[in-house]
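Scroll down for the structure; my scribbles are underneath it.
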Amino acid sequence: MNRAISAPPDRERRDPEAPISRFLFRRATKHETESLPKWVRVRGEQVTIWALLLFALSAGGSRARGADNLPPAPPSEQRAAKASESLNPWLRDLRGEALPARVAAADALGRMGAAAVPAIPAMLEAMSSPEAWVMVAMMDGIKAMGPSAHPTVLDLFERGTGEQRFRAGMVLWAIGLEAQAAVPRVKKQLEDPDPKVRELAAMILEKIDEELAPDRRAATTTTTTAAAASARARLPQLRGGAPLTTSADTAAADWPGFLGPNRDSLCTETGLLKHWPEGGPKLLWKVDGLGRGFSAVSIASGRLLTMGDRTNADSQSAQFVIALDLNTRKELWSTRVGPPHPDGGPRCTPTIDGLRTYALGTDGDLVCLETATGNCQWRKNLTTDLGGHVMSGWKYCESPLVDGPKLICTPGAEEAALVALDKQTGAVLWKSAVPELGPKGKDGAGYASPMVAEIEGVRQYVQVLGRGVVGVDADTGKFLWGYNKIANNTANIPNPVIRGNLVFVANGYNAGSALLRIRRQGDRFSAEEVYFLKAKEFDNHHGGIVLVGDSVYGGVGLNKGDPACIDFATGETRWKVEAPSSGSASVVYADGHLVFRYDRGLVLLVAADPQGFRSEGQFMAVTREGPAWAHPVIHQRRLYLRHNDLLACYDLSAHP
């Protein structure tokens with residue numbers, strides 16, 4: 001595994017205005033530096049405030065409190081006491097109110113390995129946070145401790161109290177195959193009187209069985225390789241038959257909505273930096289006050305739009321669409337959409353379609369606004385007007401799709417899984433009823449956004465629902481094809497990539513990925529599986545994937561973003577390396593390179609080269625509280641990074 005990446009992000013130089021005190025750096029005094037052990041030092045004399053605190057609480061600090069006057073404890077007790085004291089700063093953070101501090105503590109404890117095992121009960125308790133980011137960070141931190149953590153987690157799954165048992169079981173599920181030795185004891189939990197424990201034990205065993213199973217792709221290689229090679233030969237080098245540009249009203253150079261004009265995370269600009277200088281590209285400006293949210297930005301005709309939860313004139317919190325002047329960063333208008341979302345704010349990225357803009361609030365409030373003024377032209381609610389619901393508790397996340405005169409969105413209802421509305425009036429043009437796809441997943445809308453493509457001569461909308469990926473006729477909404485195996489029961493999030501009649505879809509939570517060939521026989525369509533990759537081969541939690549040439553790139557792993565590249569036609573792994581940061585990563589392509597944006601704040605530049613991984617620089621972006629899940633945007637050689645209520649703009653131009 002290629003590990004030629006520099007230190008984890010908590011050792012990188014950070015924006016001095018960032019509020020996360022854990023990550024602030026200062027210059028140690030000569031006396032401090034000389035007295036510190038090597039494990040505390042970071043880049044010579046630069047040390048973190050928390051490293052100094054950790055040392056103050058260790059043996060060196062105890063001597064300052066007069067510990068030398070006490071009778072010496074036995075060596076084993078001394079080691080245990082020292083280990084316990086070394087965990088104290090992290091344990092305090094786990095129990096504190098600051099979410100970034102909790103997540104940073106989980107990351108740090110995971111890197112400590114066996115020494116951090118005593119912190120596992122506190123980490124399980126911290127999983128009670130309503131913020132999914134915190135919960136998954138705790139699971140990931142315990143998993144990172146390695147096999148030394150497994151006995152403690154298993155004991156707590158068997159004999160813990162209340163919710164502790166369930167959380168320990170969730171961690172065992174995340175560990176998966178590495179906890180294979182625990183199978184006999186997990187099987188005993190199938191007879192537990194608590195049905196929740198029985199169900200979780202079955203899920204753990206199912207995941208271990210799946211990861212033990214032979215590579216399912218290997219069994220089909222002989223029958224699919226020739227066909228896949230033939231398919232590759234027919235594929236254009238960049239966009240090919242990929243998603244179609246959907247609106248003639250938007251300038252080609254603009255980025256009018258989620259994942260760009262074609263919803264494929266491909267930016268066609270050139271003249272960008274091929275290698276980032278130390279410290280990263282130049283920060284041009286930053287703007288605060290966008291409100292809480294994971295929405296990315298849309299840029300068209302000199303305006304920048306996004307969404308955020310913030311306080312209105314009546315001092316009440318609400319969800320807004322916000323417009324800024326791209327040149328002056330002055331706020332032009334903000335329009336209320338609906339109620340706020342306590343779990344981080346809105347996810348939708350507004351869709352700009354010339355004179356109109358469309359956005360979806362997390363409670364299903366769909367609005368059509370005047371792009372120039374923010375005045376609302378019409379609104380509907382996907383739940384109350386169309387009977388919709390989402391597969392799980394994170395509410396609506398999609399970004400509506402404009403296709404000619406139609407607006408496409410995904411209520412997730414039994415008779416209206418997808419709907420087409422008249423984009424000018426909001427009138428319903430058709431509703432698409434999707435039949436039962438299979439046992440995997442849950443009914444309702446997923447968290448992806450619809451795409452449009454011409455497949456086998458029929459224009460259709462491709463969308464990932466709670467039960468899997470589907471294609472429906474663009475003119476009538478008629479169900480054409482579906483595929484269930486890629487679904488999971490928690491959250492189906494990433495958008496697929498499409499080329500010609502081939503659809504590649506990746507998913508998280510142990511779902512894996514698959515390449516589908518869409519076949520047509522008369523009026524009937526079907527989805528033929530070319531190959532299926534298990535999660536350990538290639539998956540994507542969230543952050544997305546991108547198809548460049550004949551290769552698919554993305555960050556793999558549950559709550560991770562290990563950079564990886566696979567062959568689009570065959571599924572063969574070209575390379576996969578360990579991520580330089582904890583957390584998931586979103587990705588965008590431009591000018592021969594990929595920008596990976598990690599949710600802890602690190603940004604990484606990688607050459608889009610299937611022959612091997614090559615990092616071309618990294619830096620810590622300015623940060624705010626919470627995960628940085630908003631997708632990066634590149635527009636006119638500038639990189640836009642949203643983190644909660646902050647938007648930062650960096651210069652990527654190779655020729656200033």
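Excluded from the calculations below are hydrogen atoms, water molecules and symmetry mates; all remaining heavy atoms, backbone and side chain alike, are included. If you're wondering where the values come from, they're calculated on a predicted model, not measured in any experiment.
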Of the non-hydrogen atoms in [X] and [Y], which two are nearest, and what is the gap between them?
X      : Y      : answer
Pro342 : Pro340 : CD-O, 3.9 Å
Ile486 : Ala514 : CD1-N, 4.1 Å
Ala174 : Met139 : CB-CE, 3.8 Å
Ala579 : Asp562 : N-OD1, 2.9 Å
Met138 : Met127 : CB-CG, 3.5 Å
Ala106 : Ala137 : CB-O, 3.6 Å

Test item: [X] side-chain N/O and [Y] main-chain N/O as donor-acceptor pair under 3.5 Å:
X      : Y      : result
Lys207 : Trp173 : yes
Asn495 : Gly544 : no
Ser449 : Ser399 : yes
Asn540 : Gly555 : yes
Ser432 : Gly477 : yes
Glu537 : Thr573 : no
Arg624 : Arg642 : no
Ser513 : Phe538 : yes
Asn488 : Ala511 : no
Ser551 : Cys565 : no

Item to check | Any donor-acceptor N or O pair under 3.5 Å, side chains Thr362, Gln319 | outcome: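 Indeed, the side chains of Thr362 and Gln319 share at least one donor-acceptor pair under 3.5 Å.
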Item to check | Between Glu625 and Asn644, a side-chain donor and acceptor under 3.5 Å | outcome: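 No, because no side-chain N or O of Glu625 sits under 3.5 Å from a partner of the opposite role on Asn644.
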Is the closest side-chain heavy-atom distance between [X] and [Y] below 4.5 Å?
X      : Y      : answer
Phe157 : Val197 : yes
Gln521 : Ser526 : no
Leu515 : Leu502 : yes
Leu465 : Leu418 : yes
Asp550 : Pro610 : no
His631 : Val588 : no
Leu382 : Cys409 : yes
Cys368 : Lys380 : no

Checklist entry - Of Asp353, Asp403, Ile408, Leu429, which meets side chain to side chain contact (heavy atoms under 4.5 Å, CB included) against Lys423? => result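 Passing option: Asp353.
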So, are [X] and [Y] salt-bridged, with charged N and O less than 4.0 Å apart?
X      : Y      : value
Arg102 : Glu131 : no
Asp567 : Arg574 : yes
Asp194 : Arg165 : no
Glu163 : Lys196 : yes

Roughly how far apart are [X] [atom1] and [Y] [atom2], rounded to 0.5 Å?
X      : Y      : atom1 : atom2 : value
Gln180 : Asp209 : CD    : CG    : 9.0 Å
Met307 : Phe320 : CE    : CZ    : 10.5 Å
Leu480 : Gln460 : CG    : CD    : 5.0 Å
Ile204 : Leu172 : CD1   : CG    : 4.5 Å
Asn501 : Ile455 : CG    : CD1   : 7.5 Å
Asp385 : Leu421 : CG    : CG    : 10.0 Å

Item to check | Plane angle bin for His541 and Tyr509 - parallel if under 30°, tilted between 30 and 60°, otherwise perpendicular | outcome: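 Perpendicular: the ring planes of Tyr509 and His541 meet at over 60°.
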Next on the checklist: Can you classify the ring geometry of Trp629 versus His542 as parallel (below 30°), tilted (30 to 60°) or perpendicular (above 60°)?
Outcome noted: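 Rings of Trp629 and His542: perpendicular, as their planes differ by over 60°.
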Next on the checklist: For Arg467, run the side chain to side chain donor-acceptor pair (under 3.5 Å) check against Asn492, Asp443, Asn484 and tell me which one passes.
Outcome noted: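 Exactly one option meets the side chain to side chain donor-acceptor pair (under 3.5 Å) with Arg467, and it is Asp443.
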Item to check | Intermediate values then yes/no, side chain to side chain contact (heavy atoms under 4.5 Å, CB included), Leu401 and Tyr461 | outcome: CA-CA 10 Å; Leu401 171 71; Tyr461 302 125; 3.9 Å; yes
Item to check | Worked check of side chain to side chain contact (heavy atoms under 4.5 Å, CB included) between Cys267 and Trp255 | outcome: CA-CA 9 Å; Cys267 174; Trp255 194 271; 3.9 Å; yes
How about [X]: does its [atom1] atom have over 12 heavy atoms from other parts shown lying under 6.0 Å from it?
X      : atom1 : value
Glu528 : CD    : yes
Glu456 : CD    : yes
Lys478 : NZ    : no

Next on the checklist: Would Trp430 and Val472 count as a side chain to side chain contact (heavy atoms under 4.5 Å, CB included) here? Give the steps.
Outcome noted: CA-CA 11 Å; Trp430 52 250; Val472 305; 4.2 Å; yes
Checklist entry - After noting the C-alpha distance and the side-chain angles of Val505 and Asn507, does the key distance pass the side chain to side chain contact (heavy atoms under 4.5 Å, CB included) rule? => result CA-CA 7 Å; Val505 58; Asn507 204 357; 5.6 Å; no
Sequence neighbours left out, cut at 3.5 Å: what donor-acceptor pairs do the side chains of residues 388-396 make with other protein atoms?
{"unit_1": "Ser392", "atom_1": "OG", "unit_2": "Tyr447", "atom_2": "OH", "d": "2.7"}
{"unit_1": "Ser392", "atom_1": "OG", "unit_2": "Thr490", "atom_2": "O", "d": "2.5"}
{"unit_1": "Trp394", "atom_1": "NE1", "unit_2": "Asp343", "atom_2": "OD2", "d": "3.1"}
{"unit_1": "Lys395", "atom_1": "NZ", "unit_2": "Asp363", "atom_2": "OD1", "d": "3.0"}
{"unit_1": "Tyr396", "atom_1": "OH", "unit_2": "His389", "atom_2": "N", "d": "3.1"}
{"unit_1": "Tyr396", "atom_1": "OH", "unit_2": "Pro411", "atom_2": "O", "d": "2.7"}

